[in-house]
Structure formats: C-alpha cells, structure tokens
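We count residues from 1, following the sequence as given.
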Amino acid sequence: MNQDNSILTEDQMRKRAAMGYFVRDLDKNHVYCPAGEILRKKSVRKNGDIRYANKMACKLCKWKEKCTRAPWKEVDFRGQVRETRNMNWLKAKV
C-alpha cells in the first residue's frame, strides 16, 4: 500500500489503477479500480479501515475473472493510504 502524499489528478489516478491498482481519491472518498470503475464507501470496519465496493459494476465487469473469484470485490483502506495492488489482476494472464 502506498501512502504517497503527492496529489494526483483524476486522469493520473485512473492510469495508475489501469496498471493493476485500486487508487483512492481522498477528496472524493472513492476508489478507482483497474477496470476503470468507481468503488464507493461501503462501511467502516471496527479497526477503522474504510471498505469500498461497487457490486453492480463487478456484476457487469468483463474483467471480473481477472480481479476476483468472489461475486464482487471489496477493498479496505487504512488512514491516508492512497493505493493498494490488486494481486489477482497483476498475476492474470488474460
């Protein structure tokens, strides 16, 4: 997970996400997924992590198999962390 304090533009965040990362926009409080969709805040866990998801986007995503085996992807972020790798995406040969 990256806690880089530099501010990225929306376009830069989307490009980084397309490389296999979930990138959080702290100002808008949402996450860009590698497939280009936006994940919205779903809940806050007991430990303070914020969970993001977009069930409908995952249901319709042509890249879902490359991302997760679950019905949809949920991603947790802690504190000011801005990105996390999608290991399934980065390992996929599709």
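- Applying the salt bridge (charged side-chain N to carboxylate O under 4.0 Å, His left out) test to every pair with at least one member in residues 18-33, sequence neighbours left out, gives these pairs: Glu10-Lys28.
- In this structure, Arg82 and Val23 have side chains that are not in contact, with every pair of non-hydrogen atoms separated by 4.5 Å or more.
- For CD of Glu65, the number of neighbouring non-hydrogen atoms (other residues, nucleotides, ligands) closer than 6.0 Å is 12 at most.
- Between the side chains of Asp76 and Tyr52, no donor-acceptor pair is found at a separation under 3.5 Å.
- Residues Lys73 and Asn54 have side chains not in contact (no heavy-atom distance under 4.5 Å, counting atoms from C-beta outward).
- Contact check for Phe22 versus Cys67: side-chain heavy atoms found under the 4.5 Å cut-off.
- Residues satisfying the side chain to side chain contact (heavy atoms under 4.5 Å, CB included) test with Asp11, not counting sequence neighbours, are Thr9, Lys15.
- Within the 4.5 Å cutoff, no side-chain heavy atoms of Asp49 are placed close to those of Phe77.
- For the pair Arg16 and Tyr21, the cation sits on the ring face: its NZ or CZ lies under 6.0 Å from the ring centre, inside 45° of the axis.
- Residues Leu90 and Arg85 form a side-chain contact, since some pair of their non-hydrogen atoms from C-beta on lies under 4.5 Å apart.
- Here the CG-NZ distance, from Asn86 to Lys91, works out to 10.5 Å after rounding to the nearest 0.5 Å.
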Please report, to 0.1 Å, the donor-acceptor pairs under 3.5 Å made by any side chain of residues 33-44, with sequence neighbours excluded.
from  : atom 1 : to    : atom 2 : distance (Å)
Arg40 : NH1    : His30 : ND1    : 3.4
Lys42 : NZ     : Glu74 : OE2    : 2.2

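- Cys58 approaches Trp72 most closely through the heavy-atom pair CB-CB, 3.6 Å.
- Under the 4.5 Å side-chain heavy-atom criterion for ILVMFWY residues, no single connected hydrophobic cluster contains both Leu8 and Leu26.
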